[in-house]
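The structure under discussion appears below in the form of structure tokens.
Just the heavy atoms: all of them, side chains too, but no hydrogens, waters or symmetry mates, feed the values below.
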Amino acid sequence: MSSHIESERLSNSLAELDQLTNWERRPRGDMRVDLEPMRDLARRLGDPQNSFRIVHVAGTKGKGSTCALIEAGLARAGFSVGRYASPHVMHITERVSIHGRPVGEERLADALGAALSAFKDARREATDGQGATWFDILTVSALLIFRSERVEWAVLETGLGGRWDSTNIVQSDVAVITNIDLEHTEILGKTRAAIAFEKAGIIKPGAAVVTLLPEADEAGAVVSARAAELGCALRRPTVPADATIEQRNVALAGTVLDVLGKMGVMTKGASAMSEPLGEQLLDPSTIATARLPGRLEKIAVDTSHGDNAKVNVVLDGAHVPFNLAAVLSDLSQEEKYRAPCIAVMSIADDKDAAGLLSTMTRHDISIIFTTVGARSRSPEQLKTIADTLGLLSIVMLDPLEAYQEALAGATESGAWVLVTGSLYLVGIIRAA
């Protein structure tokens, strides 16, 4: 699925890693719930997570973009910064960034080699580390890279939930909870309050907490209670009700920088006077550097046919109804996305397909359903749901053919194209 890996060492490490349980690729109902395997691996490697300061981010949506903005703000303040993210869109190295760029394949291969070696020792000695998963090994590898690159700050995105997530062996300065919606209910719980409890598991005694969840909200109340219980100061940015996704993410990241400034973290750098960190670090150019692939990514594709030679294409891996609704609402504020839309879509079988498709009924959208692997829901099933909702759709099993068909249709009709429902689908189309 991922684009080509040049390094033979990295290919070999990943092949070894693929023997382990990878919850990104399986039904997640029986995930293990403890951090001991992760703690054992980290201990064997000298607890790399204690070598730098940390901002830890959980939430249903917006985690990746918020992390990238915090990373950009800290870098602008003169710090060396690492960021750990998931999933990747094009290449596994995107998951570990140093100074805003994906780590090199050889560096990742080194770290995975060390982590796999600690894992084998744990297996031989039958300690907790023998239960490590694919994500545990990758996470500890990222922490090793951050230590060896001597980063001063690391921004860590949780993979799933928070309380039992592999990243949660860390002691952070700031814990961020972006928002809470029903996702992965088979593991995290059936209500927003239950999910909030899992995400609030990243809050550590004495850390500052930043969230967009309102106090009066059931999930917001859980986060407030947990913060109070652990003696943590809680900050909520104020954002207008009609704020776009990017405005919300910028408000969160700006508040994190403000909180760090109040903790006495000062900017570094030879030229200017040192001053406390704050949201002023997120100027338009810094925000622009933090945009991630496949998150509201807008491109104009030259099809060189007839009058409409350019087709506007948006790539967004939204796979939760409230996120897709926000994406469509943000786009409809721009003139060029008010035209009819042709969507190319694949949905994983653990996602709320009916919810995603019903958000599309509020817009003028026809859909081409496609598939990107074992976890995709059958496009024929999706078409049946679309039919009952009154959405026009067709099925094309090959994602690249589906995309070409969408471009051809858009060229003819003056429509725009949206690729959505799955970051894996977005990755395949981006690579092409």
Side-chain angles (χ1 to χ4, degrees), residues 54-70 73 85 155-165 167-168 172-185 187-260 262 279 282 295-296 318-327 329-330 352 355 359:
I54 290 165
V55 178
H56 200 179
V57 182
T60 306
K61 295 316 302 175
K63 296 189 289 288
S65 299
T66 301
C67 286
L69 285 159
I70 297 166
V155 186
L156 304 181
E157 175 183 350
T158 61
L160 178 70
R163 191 160 58 118
W164 301 121
D165 187 69
T167 58
N168 206 26
S172 59
D173 289 76
V174 185
V176 183
I177 295 165
T178 55
N179 49 41
I180 303 283
D181 205 64
L182 297 175
E183 190 186 23
H184 304 307
T185 50
I187 314 148
L188 300 180
K190 298 281 188 263
T191 63
R192 289 179 63 254
I195 293 177
F197 176 74
E198 293 300 327
K199 309 264 187 203
I202 70 165
I203 301 172
K204 304 292 156 51
V209 180
V210 176
T211 186
L212 280 175
L213 293 164
E215 176 73 72
D217 170 79
E218 63 167 311
V222 170
V223 172
S224 296
R226 186 67 183 146
E229 196 182 317
L230 295 175
C232 299
L234 181 78
R235 283 278 305 273
R236 293 185 160 90
T238 44
V239 291
D242 62 348
T244 63
I245 298 168
E246 178 164 274
Q247 286 163 344
R248 285 171 198 280
N249 296 339
V250 168
L252 268 174
T255 302
V256 168
L257 296 168
D258 280 343
V259 162
L260 291 175
K262 292 204 168 53
E279 63 182 355
L282 295 178
R295 308 333 192 264
L296 262 178
H319 50 256
V320 181
F322 91 93
N323 194 46
L324 183 58
V327 164
S329 134
D330 282 10
D352 174 7
T359 62

Going by the rule side-chain hydrogen bond (donor to acceptor under 3.5 Å, both in side chains), which residues pair with S172 if we only count those two or more places apart in sequence or in a different chain?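 S172: no side-chain hydrogen bond (donor to acceptor under 3.5 Å, both in side chains) contacts found.
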In this structure, which one of [options] forms a side chain to side chain contact (heavy atoms under 4.5 Å, CB included) with [X]?
X    : options          : answer
V55  : L257, D173, V176 : V176
V210 : D258, I70, T255  : T255
I177 : L234, T211, L212 : T211

Can you name the nearest heavy-atom pair linking [X] to [Y], along with the distance?
X    : Y    : answer
K63  : T158 : CE-O, 3.4 Å
V259 : A208 : CG1-CB, 3.4 Å
N249 : S65  : ND2-CB, 3.4 Å
A227 : I203 : N-CD1, 4.5 Å
A58  : G161 : CB-O, 3.8 Å
A253 : L282 : CB-CD1, 3.8 Å

Who are the side-chain contact (heavy atoms from CB on, under 4.5 Å) partners of R192, not counting sequence neighbours? I180, D181, L182, L213, D217, E218, A219
Using the test side-chain contact (heavy atoms from CB on, under 4.5 Å), find all partners of A243 that sit at least two apart in sequence or belong to another chain. V239, P240, Q247, R248
Using 0.5 Å steps for rounding, measure from the [atom1] atom of [X] to the [atom2] atom of [Y].
X    : Y    : atom1 : atom2 : value
L156 : T167 : CG    : OG1   : 6.0 Å
E198 : W164 : CD    : CH2   : 8.5 Å
R163 : K199 : CZ    : NZ    : 12.5 Å
E246 : L69  : CD    : CG    : 7.0 Å

Under 3.5 Å: donor-acceptor pair, side chain of [X], backbone of [Y]:
X    : Y    : value
D165 : L160 : yes
N179 : T60  : yes
D330 : I245 : yes

Checking side-chain contact (heavy atoms from CB on, under 4.5 Å) for the pair R235/V256: CA distance, chi angles, key distance, verdict? CA-CA 9 Å; R235 283 278 305 273; V256 168; over 6 Å; no
Less than 4.5 Å apart, any side-chain heavy atom of V250 and any of E279?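 With C-beta onward as the side chain, the pair stays apart.
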